[in-house]
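Worksheet for the structure shown next.
The structure displayed is predicted, hence computed values, not measured ones. Convention: sequence-line order gives letters A, B, ...; per-chain numbering from 1. Below, all heavy atoms of this structure are taken into account, side chains as well, without hydrogens, waters or symmetry copies.
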Amino acid sequence: MRRVWDIAMKELLQNRRDWLAPLFTLVLPAVFTAFLGLLIPSADEGESRLPLALADADGSPAAVRLVEGLRETPLLRLEPMTASEVDGAVQDQKVAAALIIPEGFGAAVEAGQPAALTFVGVQTSSGAQSVRQAVWSVLSGFNTATLAAKAAAGQVAAETGRPLDDTLLGSARSLVEASLAAPAATVRVTDARGSATLDAGSFDQSSTGSLVNWVFFSLLGVTANTVWERSRGLLRRMTAAGVRGSQIIGGKMLAMVILSFVQQLLLVLLGQFAFGVDYFSSPVALLVTMVSISMLAAAFGLLITSLFRSEQAVIATIIITALLLAALGGAWFPLEITGAGFSRVAHVLPSAWLMDSLHGITLQAWGVGDILRPMAVVWMWVVGLLAIAVWRFRPD
Amino acid sequence: MEGIVVQGLRKQFDPPRGPVAADDLSFDIREGEIFSLLGPNGAGKTTTISMLSCLLRPDVGDARVGGFSVTREPGKVKELIGVVPQDVALYEDLTGRENLLFWGRMYGLKGPRLTQRVDEVLELIGLVDRQKDRLGKYSGGMKRRVNIGAALLHNPRFLYLDEPTVGIDPQSRRSILDGVKDFKAAGVTVLYTTHYMEEAQELSDRIGILDKGKMIALGTKDELVHLVGEHTRIEVTLDREAQSLAAQWRDLPRVLDVSEPEDGRLWLLAEDANTLMPRLFEGARAAGARITEINLAEPNLETVFLHLTGRALRD
Ligand SMILES: Nc1ncnc2c1ncn2[C@@H]1O[C@H](COP(=O)(O)OP(=O)(O)OP(=O)(O)O)[C@@H](O)[C@H]1O
Ligand SMILES: [Mg+2]
């Protein structure tokens with residue numbers, strides 16, 4: 001055990017001497033966290049709303065109320081224009097969809113007659129469908145309110161003999177709208193993962209993603225060094241001194257876990273205090289996840305040094321593995337936006353489960369119980385990779 | 001106490017067609033002596049040392065080092081031996097001292113004992129002043145000294161040095177050779193490999209000549225030279241026509257060997273130098289060449305190797 005520790009400390013000393021190490025371990029990850037965070041639009045910023053061209057050719061109070069309703073929908077950003085401009089905006093795909101309120105809409109609503117609205121969806125816009133649903137839901141709310149107000153006013157007129165005039169309709173409408181604003185029953189839709197990313201700020205994604213993305217880069221030094229040691233006969237010399245292969249592997253592993261853990265810790269602190277990501281809802285869950293990330297990275301690193309004999313091959317393989325695992329595992333963009341099929345396939349990879357755990361911890365205050373399943377998958381990978389690494393390891 | 005006893009070691013790389021790097025080697029090294037393995041490139045010196053260090057498993061045979069078997073008790077053997085690898089195996093980005101500290105720990109040293117041994121070894125290899133410099137800044141000779149020092153930290157009873165003087169300046173070589181004699185004086189048994197016959201001659205109590213995996217001769221320097229017989233070595237330098245004269249002289253009676261000329265220099269192994277020398281001058285004059293230098297010498301290990309194999313030691 002003592003030699004394991006001695007080898008690990010030697011690795012850390014060499015790592016400190018290498019001026020490239022802090023660049024890959026800390027500077028680049030921090031820069032990318034900030035950069036990606038600014039690049040990914042956050043859900044509560046205007047940019048992520050879908051643009052809807054709106055032409056109000058009517059201008060009646062009813063039309064104005066409908067427009068207000070649409071304006072309050074968080075999903076939509078209204079682009080008011082005239083009916084003649086709508087076609088151009090749709091053709092140029094400046095908007096996801098368009099809605100035209102024709103002249104006479106207000107009068108028809110007052111008279112209780114069907115009023116036709118024109119909805120134009122842009123075929124190529126992935127958002128058109130969502131806009132259609134949002135408009136539809138606003139319309140049905142509008143209809144409900146109008147009908148309810150009418151019914152209430154009619155009831156009052158019948159019971160009190162008051163004339164069914166605009167004043168009565170107006171006060172009935174205000175009552176209905178007030179009670180709709182504070183509904184009797186509410187349904188909050190929360191889907192385990194969907195809502196997480198819907199609420200996610202940009203740094204929630206980029207900070208957690210950088211943990212997984214950059215962890216391998218902190219290991220470049222140790223892995224390249226191990227291959228160098230093998231080619232220059234240093235591992236052999238350790239064997240000649242009576243050091244066992246398992247002790248060499250243990251020392252390398254320990255060094256990698258320490259290095260990658262320190263890197264993660266600094267990135268977590270940066271995320272927490274500079275970017276406002278909420279990491280510490282459950283410190284134990286966070287700790288377990290971080291240790292798992294380190295173990296996974298170290299296992300990959302060891303396997304790669306066991307399989308390849310040249311420094312170039314090791315560095316190239318580590319970088320490719322890191323990028324693939326990060327990209328496919330959801331460290332660059334949330335897997336939820338890729339669709340269920342892709343996400344399911346990506347969950348073969350341990351990185352996808354690590355990202356689930358990190359998102360759960362930062363966005364939904366997951367505790368230890370919640371991360372057990374994802375971590376079980378990760379540790380199956382760790383054990384499998386380590387077994388192959390130890391089996392294939394040769395000091396010369 | 002028992003030294004090293006080698007019994008029928010054999011190693012073939014990449015069988016069945018690969019080179020047989022050690023072919024039924026049997027010899028022993030006595031406690032406290034300096035034993036040299038002398039042989040050209042590829043003779044099997046490193047392979048033999050690797051098997052005696054338990055780094056390479058022999059196909060057949062075994063060896064006992066200090067009474068322990070290299071195949072069955074490698075742990076015990078490793079505690080007794082210090083191995084200086086042929087190529088410098090150290091960390092360039094650590095200082096000389098840090099390197100020694102690390103290797104000391106690998107040999108199981110710790111605490112005050114470790115620092116004390118590192119200080120002693122730094123003194124021994126003459127690098128106390130430079131101990132805080134990174135190894136990358138050392139000269140080739142200094143690196144070689146640290147390379148040896150790292151194998152001394154645990155006070156081994158047996159020290160293996162695999163061509164420790166390759167590619168270094170005469171001064172560093174001198175200090176290494178003197179160092180090896182000091183180890184012997186301190187009671188260490190030394191196994192030394194080299195392809196420089198001068199080194200083997202100067203250092204060794206006994207020498208084994210290795211060629212193509214086989215031990216072709218073994219004994220003290222005098223015993224080996226006797227294998228050649230009562231012969232004289234005549235070194236000749238010619239100003240021209242060395243090639244053709246060498247060919248001509250090979251056919252003279254009582255000339256046993258003639259070396260390949262190099263820059264006009266060649267040597268002959270002859271039974272009777274006195275009668276031969278006039279004929280050499282005559283031959284040179286007839287060929288229009290002039291002998292610019294001529295020396296008589298006792299045969300040396302180079303001659304022995306040539307005599308036994310028909311090839312020069314360095315080719
Ligand atoms: N790992 C290996 N795989 C295959 N062949 C090898 C290996 N190591 C050595 N050999 C072969 O075994 C033979 C002996 O090699 P060895 O290194 O023992 O020679 P040496 O006497 O130490 O030579 P040198 O003076 O060049 O160091 C050579 O033919 C060499 O090519
Ligand atoms: Mg060799």
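In this structure, the side chains of Met106(B) and Lys10(A) stay at 4.5 Å or more apart for every pair of heavy atoms. When side chains are defined from C-beta on, Glu229(A) counts as touching Tyr91(B), because their heavy atoms get closer than 4.5 Å. Within the 4.5 Å cutoff, no side-chain heavy atoms of Arg237(A) are placed close to those of Val83(B).
Nearest heavy-atom pair across Thr239(A) and Lys78(B) is O-NZ, 3.0 Å. When all heavy atoms of Phe102(B) and Met238(A) are compared, the pair lying nearest together is CZ-CE, 3.8 Å. The two residues Ser50(B) and Arg236(A) have their closest heavy-atom pair at OG-NH2, 2.7 Å. Counting all heavy atoms, side chain and backbone alike, Ala89(B) lies closest to Gly233(A) at CB-O, 3.9 Å.
With a 4.5 angstrom heavy-atom cutoff, Val77(B) does not touch chain A via any of its atoms. Heavy-atom distances place the side chain of Arg2(A), and not its backbone, under 4.5 Å from chain B. Contact annotation for Asn99(B): neither backbone nor side-chain heavy atoms come within less than 4.5 Å of a heavy atom of chain A. For Gln247(A), no part lies under 4.5 angstrom from a heavy atom of chain B.
Using a cutoff of 4.0 Å between basic side-chain nitrogens and carboxylate oxygens, Arg17(A) and Glu98(B) are scored as salt-bridged.
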